[in-house]
Amino acid sequence: MTIEEAQADIAYLLGRAMQAGYCNFGDRDREVGISSNAIVRLAYGGRAPDKSEMPSDASDLSACERAVAKLPPHRLSGDVREALENGRRAVLERYP
């Protein structure tokens, strides 16, 4: 990992930490929640989201999309993209 990548990780995680404990489900800028946290966990080497961590509606999915869009480029792996796509499918199955 380069110094620049480490700095990007710190900036990203600091931004998420500043939102920790605050969640307004009507907030159109929300990027923190169970499903988005699960995708971020995967981006940083943790396990993939399970079914209970999939977004439950369009608002949750949007939070996931915002979180992934802000990820440092070196964290945007195929697994992360796949997890986001799985989240999209989960919402579409629930709301066809």
Side-chain angles (χ1 to χ4, degrees):
M1 175 179 292
T2 67
I3 291 173
E4 292 80 14
E5 289 172 336
Q7 290 171 331
D9 279 347
I10 291 167
Y12 178 77
L13 294 173
L14 178 60
R16 286 186 67 80
M18 291 173 66
Q19 292 184 37
Y22 167 80
C23 190
N24 178 351
F25 291 101
D27 185 353
R28 293 187 183 268
D29 294 326
R30 179 174 72 90
E31 64 180 83
V32 175
I34 292 170
S35 51
S36 61
N37 288 349
I39 293 174
V40 171
R41 177 185 66 221
L42 175 63
Y44 282 85
R47 66 175 173 77
D50 60 36
K51 282 193 169 210
S52 71
E53 296 170 315
M54 289 289 116
S56 60
D57 58 26
S59 177
D60 285 347
L61 178 58
S62 293
C64 293
E65 290 172 341
R66 283 189 285 276
V68 169
K70 291 182 179 180
L71 273 171
H74 67 280
R75 296 290 175 183
L76 193 55
S77 67
D79 289 343
V80 169
R81 288 185 179 99
E82 180 180 355
L84 183 57
E85 187 56 36
N86 289 342
R88 287 182 182 125
R89 279 194 289 274
V91 171
L92 285 173
E93 286 173 8
R94 192 169 213 177
Y95 301 98

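- Screening residues 1-15 for salt bridge (Lys or Arg N to Asp or Glu O under 4.0 Å) gives Asp9-Arg75 as the qualifying pairs, with residues at least two apart or on separate chains.
- In this structure, Tyr95 and Ser56 approach most closely via the heavy-atom pair CE1-O, 3.2 Å.
- In summary, Arg47 and Glu53 engage in a salt bridge, as defined by a charged side-chain N under 4.0 Å from a carboxylate O.
- Within a 6.0 Å sphere centred on CD1 of Ile3, other residues, nucleotides and ligands contribute 12 heavy atoms or fewer.
- Between Ala58 and Val91, the shortest heavy-atom contact is N-CG1, 4.1 Å.
- Between the side chain of Ser36 and the main chain of Ala67, no donor-acceptor pair closer than 3.5 Å is present.
- Within a 6.0 Å sphere centred on CG of Leu71, other residues, nucleotides and ligands contribute more than 12 heavy atoms.
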Name every donor-acceptor pair, under 3.5 Å, that has one atom in a side chain of residues 77-85 and the other anywhere in the protein, sequence neighbours excluded.
from: Ser77; atom 1: OG; to: Asp79; atom 2: N; distance (Å): 3.3
from: Ser77; atom 1: OG; to: Val80; atom 2: N; distance (Å): 3.2
from: Arg81; atom 1: NH1; to: Leu76; atom 2: O; distance (Å): 3.2
from: Glu85; atom 1: OE1; to: Arg88; atom 2: NH1; distance (Å): 3.2

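- Scanning all heavy atoms of the two residues, the minimum distance from Cys64 to Ser35 falls at SG-OG, 3.3 Å.
- Separating the CD atom in Gln19 from the CZ atom in Arg30 is a distance of 10.0 Å, to the nearest 0.5 Å.
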Quiz prompt | Worked verdict on Glu31 versus Val68 for side chain to side chain contact (heavy atoms under 4.5 Å, CB included) | solution = CA-CA 9 Å; Glu31 64 180 83; Val68 169; over 6 Å; no

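- To the nearest 0.5 Å, atoms CG (Leu61) and CZ (Arg94) are separated by 12.5 Å.
- The side chain to side chain donor-acceptor pair (under 3.5 Å) check on Asn86 picks up Arg89, with sequence neighbours excluded.
- In the hydrophobic cluster analysis, where Ile, Leu, Val, Met, Phe, Trp and Tyr join through side-chain heavy atoms closer than 4.5 angstrom, Met54 is grouped apart from Ile34.
- Connection of Ile39 to Leu13 is established within a shared hydrophobic cluster, with ILVMFWY side chains joined at heavy-atom distances below 4.5 Å, either directly or through further cluster members.
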